[in-house]
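Okay, so here's the structure we're looking at.
All values reported here derive from a predicted model rather than from experimental measurement.
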There are 2 protein chains.
Amino acid sequence: MPDPTPSGESLLFLTDEQLRKGIEAMFFAYRGFTADPDRILENMDYGRAHHRALHFIHRSPGTTVSNLLTILGVTKQSLNRVLRSLVDDGLVEARVGRKDKRERHLYLTQKGQELERELSDAQRARMRAAYRAAGPQAVAGFRTVLEAMMDPELRKQYQGLKEAGP
Amino acid sequence: MPDPTPSGESLLFLTDEQLRKGIEAMFFAYRGFTADPDRILENMDYGRAHHRALHFIHRSPGTTVSNLLTILGVTKQSLNRVLRSLVDDGLVEARVGRKDKRERHLYLTQKGQELERELSDAQRARMRAAYRAAGPQAVAGFRTVLEAMMDPELRKQYQGLKEAGP
DNA sequence: CTTGGAAAGTCAACAAGGCTGACGTAACTT
DNA sequence: AAGTTACGTCAGCCTTGTTGACTTTCCAAG
């Protein structure tokens, strides 16, 4: 059991050893985090990159390509390859902007929503199990540390995503 | 163990929306997590895979190739490519086992330790800042959730790594 | 109305780092 | 003596990232 909050500010949780354990925890947990969707995708022609695109299009329907570029942090060539296959396969619809016709607004089709749902269900099942096992207080701490770990600019992106209204 | 929160608790933290935020938090935080070492490595001939190898050899000096394979979860061909360059460049020493001469025991050289240190310093600096900002209780929750998110087998690997203190 | 520049798409080439399959060798185990 | 394990390696493939160069479309400012 990691230390109960040290009243005398012992800061035991900031030792190099503790920090290394945290680093390793991130490494192993991220493997688990991606494992289930990866398993689903490995039979299809898609990969993790497609999953990410589906996730964020689901999250922000009508988002533009450049919005997505900013969020995903990849080059447009890289994203375009992924997006093209999703559009070609009828999972994503790219509508020309009404106001600005250069823009493409992205939406999931029925088929796209189904795959997104399948991937998301698997990933959320793991998160839910972890959250349930850890309890609400641990979850709050988890989110706090992760947010503090983000680059400030990414943190804004993260916080800008639809909030869970109170 | 935190209590399974019976009827009284709202379980608001288990809504799909909360779970999605957790998923996104993992995504963005992992980007931050790897950003600093990646920046250091991008000037060299090395990448994230080399960093991981250095980290775990540092962590468990004398570990064997197959140990490392298990921990990293990649094929031997993939690891070998990385390991070969590290050995060729004099960052890692591979000593033939005394007891079992088929095994190679891996150690960081002086040069290897220096690079590991540089990468680790960068990564720990970010972790330290996040930990400090979040506080000990949040850190405990962070670790709890991450552990719960790992595959059971990986969790054992993780826990088998050198523990901190008593 | 013209023009500058942003947004998007595309082609080509390349690299890192995964993967499979096949094969070889040394050394340990039975 | 035979089988298994640990390691290395060759060859080839895939995904997903990268640069660089170029075109088309089209909004907006001069």
Side-chain angles (χ1 to χ4, degrees), chain A residues 27 30-31 34-35 37-57 62-89 92-106 119, chain B residues 27 30-31 34-35 37-57 62-89 92-107:
Chain A
F27 173 68
Y30 201 79
R31 291 252 298 274
T34 57
D38 281 358
R39 240 188 308 277
I40 293 171
L41 289 164
E42 80 180 3
N43 305 315
M44 316 189 191
D45 280 352
Y46 303 133
R48 216 176 276 182
H50 300 83
H51 179 197
R52 291 199 283 259
L54 291 175
H55 176 102
F56 286 108
I57 295 171
T63 187
T64 62
V65 172
S66 44
N67 268 336
L68 210 48
L69 281 176
T70 308
I71 285 175
L72 295 175
V74 298
T75 59
K76 68 175 170 174
Q77 292 90 330
S78 198
L79 176 58
N80 198 254
R81 178 167 40 200
V82 164
L83 231 36
R84 199 188 324 162
S85 67
L86 291 174
V87 170
D88 288 353
D89 297 351
V92 167
E93 190 189 351
R95 294 185 207 152
V96 171
R98 268 174 42 86
K99 195 186 150 200
D100 184 336
K101 291 177 192 160
R102 293 167 303 178
E103 295 180 341
R104 299 293 185 278
H105 296 272
L106 303 169
L119 296 169
Chain B
F27 173 69
Y30 200 78
R31 291 253 297 275
T34 56
D38 281 0
R39 241 188 308 277
I40 293 171
L41 287 164
E42 81 180 1
N43 305 314
M44 316 188 193
D45 281 351
Y46 302 133
R48 215 176 276 182
H50 301 82
H51 180 196
R52 290 199 284 259
L54 291 175
H55 176 101
F56 286 107
I57 295 172
T63 188
T64 62
V65 172
S66 44
N67 267 336
L68 210 48
L69 282 176
T70 307
I71 286 176
L72 295 175
V74 296
T75 58
K76 68 176 172 172
Q77 293 90 330
S78 198
L79 176 58
N80 197 253
R81 179 168 39 200
V82 164
L83 229 37
R84 199 189 323 166
S85 67
L86 291 174
V87 169
D88 286 354
D89 297 351
V92 167
E93 189 188 352
R95 295 184 206 153
V96 171
R98 268 174 41 86
K99 193 186 153 202
D100 185 336
K101 290 176 193 161
R102 291 169 307 179
E103 296 179 338
R104 299 292 185 279
H105 296 273
L106 303 169
Y107 299 87

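A donor-acceptor pair under 3.5 Å links the side-chain atoms of B/R31 to the main chain of A/L72, judged by distance alone.
Among the nucleotides C/dG18, C/dA7, D/dT16, the one closest to the side chain of A/R52 is D/dT16.
Closest approach of A/G47 to A/L41, counting heavy atoms only: O-CD1, 3.3 Å.
Interface remark: the B/Q77 side chain does not form any donor-acceptor pair with the C/dG17 base, using a distance-only criterion of under 3.5 Å. Side-chain N/O atoms of A/R48 and base N/O atoms of C/dG18 include no donor-acceptor pair closer than 3.5 Å.
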Subject >> Annotated protein contacts, base or backbone, on nucleotides 24-30 of chain C with a non-hydrogen cut-off under 4.0 Å, one of B, S, - each >> reply: ---BS--

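Take the nearest nucleotide of DNA chain D for B/N67 and for A/L79: the residue whose nucleotide is more 5' is B/N67.
Going from atom CG of B/N43 over to atom C1' of C/dA16 covers 16 Å, rounded to whole Å. Rounded to a whole Å, the NE2 atom of A/H50 is 12 Å from the C1' atom of D/dC14. A/D88 has its CG atom 13 Å from the C1' atom of C/dG9, to the nearest Å. Here C/dG17 presents its C1' atom at 17 Å from CD of B/E42, a figure rounded to the nearest Å. Rounded to an integer number of Å, the gap from NE2 of B/H105 to P of D/dA6 is 12 Å. Between the C1' atom of C/dA6 and the CG atom of A/L69 lies a distance of 13 Å, rounded to the nearest Å. Rounded to whole angstrom, the span from the CG atom of A/D38 across to the C1' atom of D/dC14 amounts to 14 Å. The interatomic distance linking B/L72 (CG) with C/dG18 (P) rounds to 8 Å, in whole Å.
Proximity of A/S66 to the phosphate of C/dA8: a side-chain N or O atom is located under 4.0 Å from OP1 or OP2. Residue A/N80 places at least one side-chain N or O under 4.0 Å from the OP1 or OP2 atom of C/dT10. Taking only side-chain nitrogens and oxygens, B/R81 never comes nearer than 4.0 Å to OP1 or OP2 of D/dC10. One finds no side-chain N or O of B/R104 lying less than 4.0 angstrom from the OP1 or OP2 phosphate oxygen of D/dA6.
To the nearest 0.5 Å, the span separating CG on B/L54 from OH on B/Y46 amounts to 8.0 Å.
Using cut-offs of 30° and 60° for the angle between ring planes, the A/H55 and A/H51 rings count as perpendicular.
With sequence neighbours left out, A/R95 forms a salt bridge (Lys or Arg N to Asp or Glu O under 4.0 Å) with A/E93. Legend: residues meeting salt bridge (Lys or Arg N to Asp or Glu O under 4.0 Å) with A/R98, ordered by chain and number and at least two apart, are absent.
When A/N67, A/L83, A/T64 are each tested for a side chain to side chain contact (heavy atoms under 4.5 Å, CB included) with A/L106, only one passes: A/L83.
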